[in-house]
Amino acid sequence: MTDGNIETYWAVEDDNLTPTAVITLPKPATFDVIRLREQTRLGQRVDSFNIDAFVNGKWVCIDNEGKTIGNQVMRRLNRPITTQKLRLRITGSQATPCISEFSLFRQPAGAVRPSIFRRGDNLVIIADGKNKILYTTDGSEPKAGSPVYSQGAKFTESGIVKARCQFSNGKLGPVSQAKFGISKTGWKVKTATSGNAAAAIDDNPETSWLAKAEAPQSFVVDMGKPYQVSSFSYLPRQDGKTSGMTDKYQFEVSADGKNWTKVAEGEFSNLRANPIEQSVNLKNMNGPVRYFRFIGTSSLDGNSASAAEINVFGTPAGK
């Protein structure tokens, strides 16, 4: 992985689908980008991975969201890390992983991209901690004169947030963006056939609703007030496991929680190899709705149903 030759690769015994490798550097290095490559002549095999750094005498996970690798994947960290020792943990793969490259890079100051999150109604935008962050919430490009991010900034609507750093010399860095659904503050699970459905609306992709019986399984959410809804998204479980991962679904809406309309039905494709957020446009919408029902009608392994997050996109009724 570290010989500079992408034709050679690291592999282990055939029955080990979750191997670990420790990489020791000649001396401590500071980096904020990690590049991985698989030997794709043998196929794309890795489904998920984590990366740890040995810092202050202990292992610290610096990236737990790695998914597929394929020909190349660049993992950008929220901040620079300095260490002499790293650990690559393959947490899921379809066959014995064959990794041809593990490289470290340090972005120049002008290349820092902010990371954008939302917790409840609060925007969380993280960069290098040294420069101002400019942001917008209407999908436009941030520029000189745009609002400066500070902790406590609110964003309750559905839409696109963009952010970039402004450096001390006045130059602007590259733009990051994130798409958010309707704020889940005030959302409540009204009913669920089984499992902890609240985990699917907690804005935490590390937790998941996992039903306790065979599909179909479902849950109903009260969004607290009426919305004019245009689409929804499904994020599959992000823990590297595919058990119960929903591949077929139905989505229903209601204004009063009693009368329901099916507005989407279909299949999420290629989840096993690419478990990313899936967006679905809604049809047959005839006015504002307050409730939705997500139904997992089938799973990859025929066992149960699951969801890490369900997001809904739209505007408050009357806007």
Side-chain angles (χ1 to χ4, degrees), residues 17-18 44-49 64-68 91-94 158 178-182 184 187-223 227 229-254 257 260-285 289 291-314:
L17 303 184
T18 56
Q44 183 169 318
R45 302 183 174 197
V46 174
D47 291 330
S48 58
F49 63 90
N64 64 356
E65 298 181 357
K67 305 304 176 191
T68 56
T91 56
S93 54
Q94 302 177 42
S158 171
K179 183 179 180 180
F180 295 106
I182 297 164
K184 297 174 184 177
W187 284 22
K188 294 180 180 179
V189 174
K190 299 299 292 182
T191 61
T193 52
S194 67
N196 178 23
I201 59 169
D202 62 357
D203 276 330
N204 182 359
E206 300 303 315
T207 63
S208 295
W209 165 64
L210 181 62
K212 299 178 180 179
E214 292 183 4
Q217 296 288 317
S218 65
F219 59 87
V220 173
V221 172
D222 177 359
M223 296 186 289
Y227 289 90
V229 173
S230 59
S231 63
F232 86 95
S233 70
Y234 164 79
L235 182 70
R237 57 190 304 181
Q238 300 291 292
D239 56 4
K241 301 177 182 178
T242 59
S243 177
M245 188 177 284
T246 300
D247 62 345
K248 294 182 181 179
Y249 66 89
Q250 291 181 13
F251 195 81
E252 301 176 350
V253 295
S254 172
W260 293 89
T261 301
K262 182 169 66 176
V263 291
E265 181 176 18
E267 182 174 357
F268 301 124
S269 62
N270 201 31
L271 287 182
R272 193 183 301 276
N274 200 24
I276 62 174
E277 187 174 16
Q278 309 284 315
S279 296
V280 179
N281 291 325
L282 301 179
K283 302 177 181 179
N284 305 319
M285 296 298 300
V289 296
Y291 303 84
F292 71 82
R293 177 187 284 129
F294 177 78
I295 307 170
T297 58
S298 174
S299 64
L300 291 178
D301 59 1
N303 180 26
S304 186
S306 66
E309 286 294 317
I310 299 294
N311 294 299
V312 176
F313 301 85

Participant: Might you point out which heavy atoms bring A192 and A197 nearest each other, and give the distance in Å?
Facilitator: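 Of all heavy-atom pairs spanning A192 and A197, the closest is CB-CB, 4.0 Å.
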Participant: Please round to the nearest 0.5 Å and tell me the distance separating atom CG of D247 and atom CG of L300.
Facilitator: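 It is 5.0 Å, given to the nearest 0.5 Å.
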Participant: Going from CZ on R293 to OG1 on T191, what distance comes out if it is rounded to the nearest 0.5 angstrom?
Facilitator: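 With rounding to 0.5 Å, CZ (R293) is 6.5 Å from OG1 (T191).
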Participant: Could you grab the distance from atom CZ of F180 to atom CG of N311, nearest 0.5 Å is fine?
Facilitator: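 The distance works out to 9.5 Å.
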Participant: Look up atom CZ in F294 and atom OH in Y249, then write down how far apart they are to the nearest 0.5 Å.
Facilitator: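 One gets 9.0 Å once the value is rounded to the nearest 0.5 Å.
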Participant: For the side chain of T242 and the backbone of M245, is there at least one donor-acceptor N/O pair under 3.5 Å apart?
Facilitator: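 No.
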Participant: Any non-hydrogen side-chain atom of K283 less than 4.5 Å from a side-chain atom of E265?
Facilitator: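 No; the side chains remain at least 4.5 Å from each other.
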Participant: Is it true that a side-chain atom of S299 and a backbone atom of T246 form a donor plus acceptor pair closer than 3.5 Å?
Facilitator: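 No; judged by distance alone, with no hydrogens or angles, the pair does not exist.
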Participant: So do S231 and V280 actually touch side chain to side chain, heavy atoms under 4.5 Å?
Facilitator: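 Of all side-chain heavy-atom pairs linking S231 with V280, none is under 4.5 Å.
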Participant: Does atom NZ (K67) have a neighbourhood of more than 12 heavy atoms from anything else shown, all under 6.0 Å?
Facilitator: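 Enclosed.
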Participant: Q217 vs T297, test: side chain to side chain contact (heavy atoms under 4.5 Å, CB included). Steps then yes/no.
Facilitator: CA-CA 7 Å; Q217 296 288 317; T297 58; over 6 Å; no
Participant: When you measure from the side chain of S233 to the backbone N and O of E277, does any donor-acceptor pair fall under 3.5 Å?
Facilitator: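 Pair absent, no side-chain N/O of S233 close to backbone of E277.
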Participant: Could you check whether any side-chain N or O of E309 sits under 3.5 Å from a backbone N or O of A307, counting only pairs where one atom can act as donor and the other as acceptor?
Facilitator: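 Such a contact is absent between E309 side chain and A307 backbone.
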Participant: Measure the CG-CG distance between D47 and L271 for me, rounded to the nearest 0.5 Å.
Facilitator: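 It comes to 11.0 Å.
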Participant: Taking the ring centre of each residue, are Y234 and F268 less than 6.0 Å apart?
Facilitator: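 Ring centroids of Y234 and F268 are less than 6.0 Å from each other.
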Participant: Sequence neighbours excluded, which residues qualify as side chain to side chain contact (heavy atoms under 4.5 Å, CB included) partners of L210?
Facilitator: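 So L210 forms a side chain to side chain contact (heavy atoms under 4.5 Å, CB included) with R237, S304, S306.
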Participant: Looking at every non-hydrogen atom in both residues, tell me the closest pair between G296 and A215 and how far apart they are.
Facilitator: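 Nearest heavy atoms, G296 then A215: O-CB, 3.5 Å.
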Participant: Treating W209 as the side-chain partner and S194 as the backbone partner, does any N or O pair qualify as donor plus acceptor under 3.5 Å?
Facilitator: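 Yes.
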Participant: Keeping E252 on the side-chain end and Q250 on the backbone end, is there a donor-acceptor pair under 3.5 Å?
Facilitator: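 No.
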Participant: How long is the span from the CE atom in M223 to the NZ atom in K190, to the nearest 0.5 Å?
Facilitator: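 Between atom CE of M223 and atom NZ of K190 there are 13.5 Å.
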Participant: When the aromatic ring centroids of W187 and Y291 are compared, is their separation below 6.0 Å?
Facilitator: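 No.
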Participant: Could you tell me which residues satisfy side chain to side chain contact (heavy atoms under 4.5 Å, CB included) with S230, sequence neighbours excluded, listed by chain and number?
Facilitator: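 With sequence neighbours excluded, S230 shows a side chain to side chain contact (heavy atoms under 4.5 Å, CB included) to F313, given in chain and number order.
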Participant: Test of understanding: with side chain to side chain contact (heavy atoms under 4.5 Å, CB included), list the residues that count as partners of T18, not counting sequence neighbours.
Facilitator: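 So T18 forms a side chain to side chain contact (heavy atoms under 4.5 Å, CB included) with N16.
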Participant: Partners of Q44 by side-chain hydrogen bond (donor to acceptor under 3.5 Å, both in side chains), sequence neighbours excluded?
Facilitator: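 Applying side-chain hydrogen bond (donor to acceptor under 3.5 Å, both in side chains) to Q44 gives none.
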Participant: Could you pull out the closest heavy-atom pair between V263 and N284, with the gap in Å?
Facilitator: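 Result for this residue pair: CG1-O, 4.0 Å.
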Participant: With sequence neighbours left out, write down each residue that passes salt bridge (Lys or Arg N to Asp or Glu O under 4.0 Å) with D203, or none if nothing qualifies.
Facilitator: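 By the salt bridge (Lys or Arg N to Asp or Glu O under 4.0 Å) rule, D203 matches K184.
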Participant: So which atom in P236 and which in A308 form the shortest heavy-atom distance, rounded to 0.1 Å?
Facilitator: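 Nearest pair, atom of P236 first, then A308: O-CB, 3.4 Å.
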Participant: So do the side chains of I310 and V221 get within less than 4.5 Å of each other, counting heavy atoms only?
Facilitator: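 In short, these two side chains do not touch, never coming nearer than 4.5 Å.
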Participant: For side chain to side chain contact (heavy atoms under 4.5 Å, CB included), just list the numbers for I201 and V189, CA-CA rounded to whole Å, side-chain angles, deciding distance to a tenth of an Å, and then say yes or no.
Facilitator: CA-CA 9 Å; I201 59 169; V189 174; 3.7 Å; yes
Participant: Working note: M285 + V253, criterion side chain to side chain contact (heavy atoms under 4.5 Å, CB included); need CA distance, chi angles, decisive distance, verdict.
Facilitator: CA-CA 9 Å; M285 296 298 300; V253 295; 4.1 Å; yes
Participant: Return the minimal non-hydrogen interatomic distance between S93 and V46, and the atom names on each side.
Facilitator: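 In terms of heavy atoms, the two residues are closest at CB-CA, 4.0 Å.
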Participant: Between F292 and F232, is the ring centroid distance below 6.0 Å?
Facilitator: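 They do not qualify: ring centres at least 6.0 Å apart.
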Participant: Does E214 have any side chain to side chain contact (heavy atoms under 4.5 Å, CB included) partners at least two apart in sequence or in another chain, and if so, which?
Facilitator: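 With sequence neighbours excluded, E214 shows a side chain to side chain contact (heavy atoms under 4.5 Å, CB included) to no residue whatsoever.
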Participant: Are the side chain of T91 and the backbone of S48 linked by a donor-acceptor contact shorter than 3.5 Å?
Facilitator: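 A pair under 3.5 Å: yes.
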Participant: What's the shortest heavy-atom distance between S218 and I295, and which atoms?
Facilitator: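 In this case the closest contact between S218 and I295 is CB-CG1, 3.7 Å.
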